[in-house]
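Here, residue 1 is the first one in the sequence, and each next residue gets the next number. Bear in mind the structure is a predicted one, so any value in this text is a computation, not a measurement. All ligand and atom numbering here is 1-based and tracks the order in the structure.
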Amino acid sequence: MNKNDIEQIIRKEIVEAVMKTQDFLIIGNWKMQKTKQEVKSFLKDIASHDFGQKNKIIIAPPSPYLYLFEEKLRYSNVLYGAQNFYPKESGAFTGEVSVDMLQDFGCKYAIVGHSERRTIFGECNEFISKKVRILIQKNITPILCIGENLNQRKNEDYKHFLATQISEGLQRISQDDVSKVIIAYEPIWAIGTGETASPSQVEELHIYLRKFLVERYGSNIGKDIPLLYGGSVKPSNVKELALAQSVSGFLIGGASLDAKSFIEINNILN
Ligand code: PEP
């Protein structure tokens, strides 16, 4: 047996040990996709599927389909959340959805700060922090997305940019409430492009972010905040990415649209 074979065997054992013991958050972000019929068929496939007890499964569909999730996932341990809302209780905000409405449909999670909301809809850290605050007030878990674009990546300072997205996004909540937030690191250059950050890039960044969280919010809080990775995650690369240090789970766009691949991702992480 040569050195390569031995390394392969050791690696396989490490992979299996990590997969068996670590629980992961697996969150699907459907964006503006699917018809009512497609949603029904997806829900039929997953409502009867046993995802096991280890991982937490969450899906964020377009808001008009939330009623179907409430109806069809009543007896399932799959949870669901919103992709967007407006950070006011109610009022003259034509076209918007409030957090109370999300609660009415049983949402337990909501995505905030997704790069598409930041770049297409001009949402800034200041506005995002208002969304985080109202979610915390209403007992909905914020999934705060952060991420750099390719130009920023070329600049060493991009790590500081990401840390600022976190601290400004969380500026309106108390230190204790920071422990209720999930953070998703999603490099913009890897979202929907098919190009994934390598496991070592993800690991380097997650270690940096973990250190930042511990320094900024204290080790009790900072060490436990879930840190997800997102950006072209699929069944073929999720295993390697899961091995990167400090990865608590994944925010998945494209590969979450197909029930089979979504289930496969959970199987791999089980
Ligand atoms: C996303 O939308 O958050 C995302 C990561 O998309 P994809 O998996 O398609 O890159």
Side-chain angles (χ1 to χ4, degrees), residues 24-34 38-39 42 46 55-63 65-66 69 78-85 107 109-123 125 128 131-132 135 141-150 152-153 158 162 165-166 169 181-199 201-203 205-206 209 226-242 244 246-269:
F24 293 96
L25 278 161
I26 304 173
I27 307 183
N29 172 19
W30 282 3
K31 313 192 185 194
M32 198 173 73
Q33 328 238 37
K34 284 196 186 294
E38 287 165 349
V39 176
F42 183 102
I46 63 154
N55 301 325
K56 196 174 266 179
I57 314 295
I58 301 157
I59 297 173
S63 295
Y65 300 136
L66 284 171
F69 277 68
V78 175
L79 299 161
Y80 53 92
Q83 296 175 23
N84 191 38
F85 58 93
C107 286
Y109 298 83
I111 297 173
V112 282
H114 192 282
S115 65
E116 285 147 21
R117 300 251 19 125
R118 290 179 191 263
T119 55
I120 304 170
F121 302 99
E123 294 192 10
N125 290 337
I128 288 161
K131 296 177 101 174
V132 171
L135 288 176
T141 303
I143 302 161
L144 173 64
C145 301
I146 58 165
E148 82 286 2
N149 64 28
L150 253 193
Q152 288 161 328
R153 178 93 194 178
Y158 81 96
L162 296 170
Q165 284 190 319
I166 296 179
V181 173
I182 295 170
I183 291 172
Y185 167 57
E186 299 205 302
I188 296 174
W189 46 273
I191 297 179
T193 57
E195 192 177 325
T196 325
S198 69
Q201 285 175 317
V202 173
E203 181 162 289
L205 221 287
H206 277 227
L209 293 173
L227 261 179
L228 313 184
Y229 167 74
S232 299
V233 174
K234 44 190 179 276
S236 59
N237 60 20
V238 72
K239 201 178 205 172
E240 288 299 314
L241 291 164
S246 235
V247 169
S248 330
F250 300 95
L251 183 53
I252 306 165
S256 73
L257 290 168
D258 174 47
K260 246 198 190 152
S261 75
F262 195 56
I263 287 172
E264 198 184 339
I265 286 173
N266 178 61
N267 288 344
I268 292 166
L269 298 177

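With hydrogens and angles ignored, the 3.5 Å screen pairs no side-chain donor or acceptor of Glu240 with any backbone N or O of Asn237.
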Distances only, to 0.1 Å: what are the N or O pairs between ligand 1 and the protein that fall under 3.5 Å?
from	atom 1	to	atom 2	distance (Å)
ligand 1	2 (O)	Asn29	ND2	3.2
ligand 1	2 (O)	Lys31	NZ	2.7
ligand 1	2 (O)	His114	NE2	3.1
ligand 1	3 (O)	His114	NE2	2.9
ligand 1	3 (O)	Glu186	OE1	3.0
ligand 1	3 (O)	Glu186	OE2	2.7
ligand 1	6 (O)	Gly253	N	3.4
ligand 1	8 (O)	Ser232	N	3.4
ligand 1	8 (O)	Gly253	N	2.8
ligand 1	9 (O)	Gly254	N	2.9
ligand 1	10 (O)	Gly192	N	2.6
ligand 1	10 (O)	Ser232	N	2.7

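A ring-centre distance under 6.0 Å is found for Trp30 and Phe69.
Ser63 pairs by the side chain to side chain contact (heavy atoms under 4.5 Å, CB included) definition with Leu66, not counting sequence neighbours. When the side chain to side chain contact (heavy atoms under 4.5 Å, CB included) test is applied to Ser236, the partners found at least two apart in sequence or on another chain are Lys234. Listed by chain and residue number, Glu116 satisfy the salt bridge (charged side-chain N to carboxylate O under 4.0 Å, His left out) test with Lys31 (two or more places apart in sequence, or in another chain).
For Lys56, the NZ atom counts as loosely surrounded, since its 6.0 Å shell holds 12 or fewer non-hydrogen atoms of other residues, nucleotides or ligands.
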